[in-house]
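Reviewing the structure listed below.
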Amino acid sequence: MNAIVFSAVWGILMMFSGVFVKSKATPKYLAIAGIILLLVVNGMELYTGQALFNIDTKDMLRVNSFNLTFLEVVFGATALFFMLSGRDVEKVGEHVGEYFALMFFVLCGVALSATYNTLLLLFIGIEIISIPLYILTGSDKRNLKSNEAGLKYFLMGSFSTGILLMGIAFIYGGNSNASFYINNIQLGLGAMPVMISIGLVFLLIALSFKVSAAPFHFWTPDVYDGAPTVFTSFMSTIVKVASFFAFIRLFENAFGQVQPQWQKLIVFITLATLLIGNITAVFQQSVKRMLAYSSIAQAGFMLLALFALNDRAKEGLVLYSAAYSLATIGIFAILIKMNDLTIDGFNGMGKTQPVLAATATVFLLSLTGIPLTAGFQSKFLMLMAAVENGHQFWLVIAAVLFAAISAYYYFRVLQAIWFKEAGETPVIEAGEIRSSFKLLLVITAVLIIVLGIYPELLLGWLYH
Amino acid sequence: MLGTYFTFPELLLWLPLVAGIICFFIRKENAVKNVALLASLLTLAVSVISLCYADPKYSSYNNVNYYWMKYLGNSFYVGLDGTGRILTFLNALAFPIIFIATYKNNVKNASSFFALMLLSQAGMMGVFVAMDALLFYFFWELALVPVYFLCSKWGGEKRIQTTFKFFVYTFAGSLLMLIGIIYVYLHTPERVFEDGTRSLHSFALSSFYNAHLSAADQNWCFWLFFLAFAIKMPVFPFHTWQPDTYDQSPAPVTMVLSGVMVKMGLFGVIRWLIPVFPVATVNFTHIVMILSIIGITYASCIALVQDNLKKLVAYSSIAHIGLMCAAIFAMNEVSVQGVLLQMFNHGINIIGLWIVVDQLEKRTGTKQISQLGGVAHKAPVLTILLVIIALANIALPLTNAFIGEFLMFSGLFHYNNWYAAIAGLSIILAAAYTLNMIQKVFYGDTNAVTAAMKEISLNEKMVLSFVAVLIFVVGIFPQTLITLTKSAVDYLLLSAK
């Protein structure tokens, strides 16, 4: 509750900051202050169990330690993102204040879609996330690729929004309780009513689109590649895990009892996502595009939570969100500073930028899922959840084999960093890297390792 | 002090780990070499002392349990038992030998090199002392990562692709094992910790031994585990990564890989496979044995026609490991005893062989057998020591490997005459390719390549003599090592029944 109010208010504040503040650097500091405020008020709500405002939402929002912890993770990741890449946001264009304002609106949408209890608020949450993103994707106005990406994202996104709304309409129509509340949908005793089934499939398609699960992923590589790299980082991490959270929240609370009836669909989507994401990532030369496909592949692993739908899966999803966001934000923060975005661009980084290289190594190892990193713990919990579920065991085997394939493309970057000789042009212009940036990267890497050794530090809050 | 603040397994684990991390920050090449050597000697000292405290009454010196990831029923439980003790000893002994033997090698970025070497030692120590499945898996993977970097950074021309193949192979295998671990875990009984917290399931080794697994579950979980171990050993047909990797890795890393790391696979079978899946083990013994025996004959035949010295040793290693794998699955006291002894012996012998190969390559610049010849004229000491090690490698009486192979073969004969007879062919083949190699490389006339060859220097002489002495000592007095592992053997056979 706190988070929704504060993120919306701060977004408006940021929007008007452009009018009063002339310096280009100020919005960044304002944004960092805002995100820390969000972290604090959300943390307070998590700790005390009491929101600052007593608003009667008619049970349309439901807050518990689980979604508050998730929001804390999202805000933490955003804070890190602002601090690491804030300076790069300034380079995108003139309207720095507005960019940050849009990101705060996204955060408001994230908070809504993490706590919703009715289909309508789900829709509003997802829309509040999406619309600012369309703008951010196309924010590099002089760049044709950015324009194309923005338009593409907008067209595809509105199409999927239509499907989402249609699904909601079907469910409302088929629900004999005539209610939008997700835990109040009459699913019938045997097979689901036809209207509900159609609605469920529509919702599944729309949300799969939002989390870029195959076969609804086609927008992802182009949009991630075309958008300014800072916003790709934001989109592929914070926004993605938030959509996942909304996804699993809906299917657990609304359709959890009839999971056997739709589990096969999830199996298909998971397998397709893992297959397409991993196999295509192998062939990419541009690291930015590789990370786009890798984000699809990681989504495949997160879909295992939806497949399993048990306590482990929910713990796993929160940890996965943290592990994946931290590592991806870190690697993008480095990538933004680089001259050459292909894999060869990393050649010889181990020699010229040892600190960056070492932290990038931690991020990539975490994405691969090597023990001692948070990435391992989260993959481990996901696998455990899926095995515990007891059905379709071969899916788990397929998932780990794809995880082994993922080592291929992550390690190609590692090979470039450590084992190849540097080219003529420097990996990164010397002036680009400040020591505060290095320090933040090191902190991120340490966080990943700490979570890899003591995941309870985060998971403990789920049951606070 | 001991037992309250420190235990042996902890010391064995932390010493190389901490020393490894320190090494990253030492800039001078000589200093880092000395620190690494000193650390490995310290570890060896601890390991030797731990051998004297093998008695069960010292159990508080040898076991320690910390809470770690308690919510899943896991703990940081490390301990030394018979099998663990002999392998930690091998691990502790191997590194000083390697460091001294390669002391004069020039290494670029020495600090990272020695740091990673020590980290890999720590990882392998962890594998041998871990008593919790998740902890075991952690170390299993962590031992691999430093080796990946070592081989890719300091290896030969084709190092990057070769090492990568090796990495992906083993990584895929270990991930499958992870699924197996999770599946068994979900069938373990409840765990109650000392402080009263309960966990629904448990990763403890003892709980794994008592998991409620149906015969069908065991059958396919067996393969998930076995695949990981088979790739690591390697057993035919999962061996394809090995000859190339040995060929391309820098010499010290090859020694680590073949001397110690392949033992992780055998060790896994002994501790985590057979006792956890006794029913499946009985079901699949024949398949595993046939695979091993195919591997033995196949690798020996390839070794026979191999011209690359390094690949020859690699294939001979596949043959030896295959024999050990077959002997474990024969599952009788004699054969398992032989395996435990032979794991140690093979580690020492093969490191000795690699040292010689490394010297030859360094001094002549080639590893092709056909280009060498007459080395004995130029380096008599090297030749004598090599001959001793090579004879141990083909298990001549009085050498250490004789005892091991004798025990293994008599165990195999108990199990099945045919298997033993076919596997026995490998002895003849081993003699053929080893003696052929000695003849071609060391005897005959010198040629242009070997004419300028020099005798090995003092440190190398010392190490090789030490290996030779060890070969004879274990060959003549094997009883000490046999007693050490007796309890482990009994336990294994008991649990499998």
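What you see is a predicted model; the values in this text were computed from it and never measured. In what follows, chains carry the letters A, B, and so on, assigned in the order in which the sequence lines appear, proteins first and then strands, with residues in each chain numbered from 1. FYI, side chains are in, hydrogens and waters are out, and symmetry mates aren't considered; it's all heavy atoms of this structure.
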| said: Taking atom OH as the centre, does Tyr463(A) end up with more than 12 heavy-atom neighbours from other residues, nucleotides or ligands that are less than 6.0 angstrom away? | reply: yes

Of the listed Gly369(A), Gly350(A), Gly460(A), Pro455(A), the one with the largest count of heavy-atom pairs under 4.5 Å with chain B is Pro455(A)

If you tally heavy-atom pairs under 4.5 Å between each of Phe167(B), Tyr183(B), Tyr185(B), Trp154(B) and chain A, the highest tally belongs to Phe167(B)

- Task: Using a cut-off of 6.0 Å, state whether more than 12 heavy atoms not belonging to Phe76(B) lie near its atom CZ.
- Result: yes

Separation between CZ (Arg312(A)) and OH (Tyr71(B)), nearest 0.5 Å, reads 6.5 Å

Closest non-hydrogen atoms of Lys153(B) and Trp418(A), given as atom of the first, atom of the second and distance, are NZ-O, 2.9 Å

Exercise for review: Might you confirm whether atom OH of Tyr454(A) has over 12 heavy atoms from other residues, nucleotides or ligands at distances under 6.0 Å?
Suggested key: no

Heavy-atom closest pair (Phe138(B) atom, Pro371(A) atom, distance to 0.1 Å) is CD2-CB, 3.8 Å

Ile397(A) side chain reached by Trp220(B) side chain, heavy atoms, under 4.5 Å:
no

May I ask you to decide if the ring planes of Phe376(A) and Tyr137(B) are parallel, tilted or perpendicular, using 30° and 60° as cut-offs? parallel

So Met384(A) and Leu72(B), do their side chains get closer than 4.5 Å, heavy atoms only?
yes

| Is the closest side-chain heavy-atom distance between Ile179(B) and Leu383(A) below 4.5 Å? | yes

Rounded to the nearest 0.5 angstrom, the CZ-OG distance for Phe411(A) and Ser152(B) is 9.0 Å

The interface call for Ile160(B) against chain A, heavy-atom contacts under 4.5 Å, is both

Scanning both residues in full, the closest heavy-atom pair of Trp68(B) with Glu456(A) reads C-OE2, 4.3 Å

Whatever's closer than 4.5 Å to a heavy atom in chain A on Ile181(B) counts as neither

From the list Leu178(B), Val145(B), Val168(B), the residue making the most non-hydrogen contacts under 4.5 Å with chain A is Leu178(B)

| said: Does Lys158(B), at its NZ atom, have more than 12 non-hydrogen atoms belonging to other residues, nucleotides or ligands within less than 6.0 Å? | reply: no

When the 4.5 angstrom heavy-atom criterion is applied to Leu144(B) and chain A, the contacting part is neither

Turns out that what part of Ile405(A) lies under 4.5 Å from chain B's heavy atoms comes down to neither

Under 4.5 Å to a heavy atom of chain A? For Phe139(B) that would be neither

The reported gap from CG in Leu200(B) to CD in Glu388(A) (rounded to nearest 0.5 angstrom) is 8.0 Å

*Is there a side chain to side chain contact (heavy atoms under 4.5 Å, CB included) between Leu175(B) and Leu401(A) once you walk through the steps?*
CA-CA 8 Å; Leu175(B) 280 170; Leu401(A) 291 180; over 6 Å; no

Bottom line for Phe380(A): the part with an atom under 4.5 Å from chain B's heavy atoms is both

Comparing Ala399(A), Ala407(A), Ala404(A) against chain B, the one with the most heavy-atom pairs below 4.5 Å turns out to be Ala404(A)

Bottom line for Arg412(A): the part with an atom under 4.5 Å from chain B's heavy atoms is neither

- Task: Please say whether more than 12 non-hydrogen atoms of neighbouring residues, nucleotides or ligands are located less than 6.0 Å from CZ in Phe268(A).
- Result: no

Pair count under 4.5 Å, heavy atoms only, with chain B: among Thr368(A), Leu381(A), Leu372(A), highest is Leu372(A)

Honestly, the part of Thr373(A) sitting under 4.5 Å from a heavy atom of chain B is neither

Turns out that what part of Lys420(A) lies under 4.5 Å from chain B's heavy atoms comes down to side chain

So, the part of Tyr169(B) with a heavy atom under 4.5 Å from chain A: the answer is neither

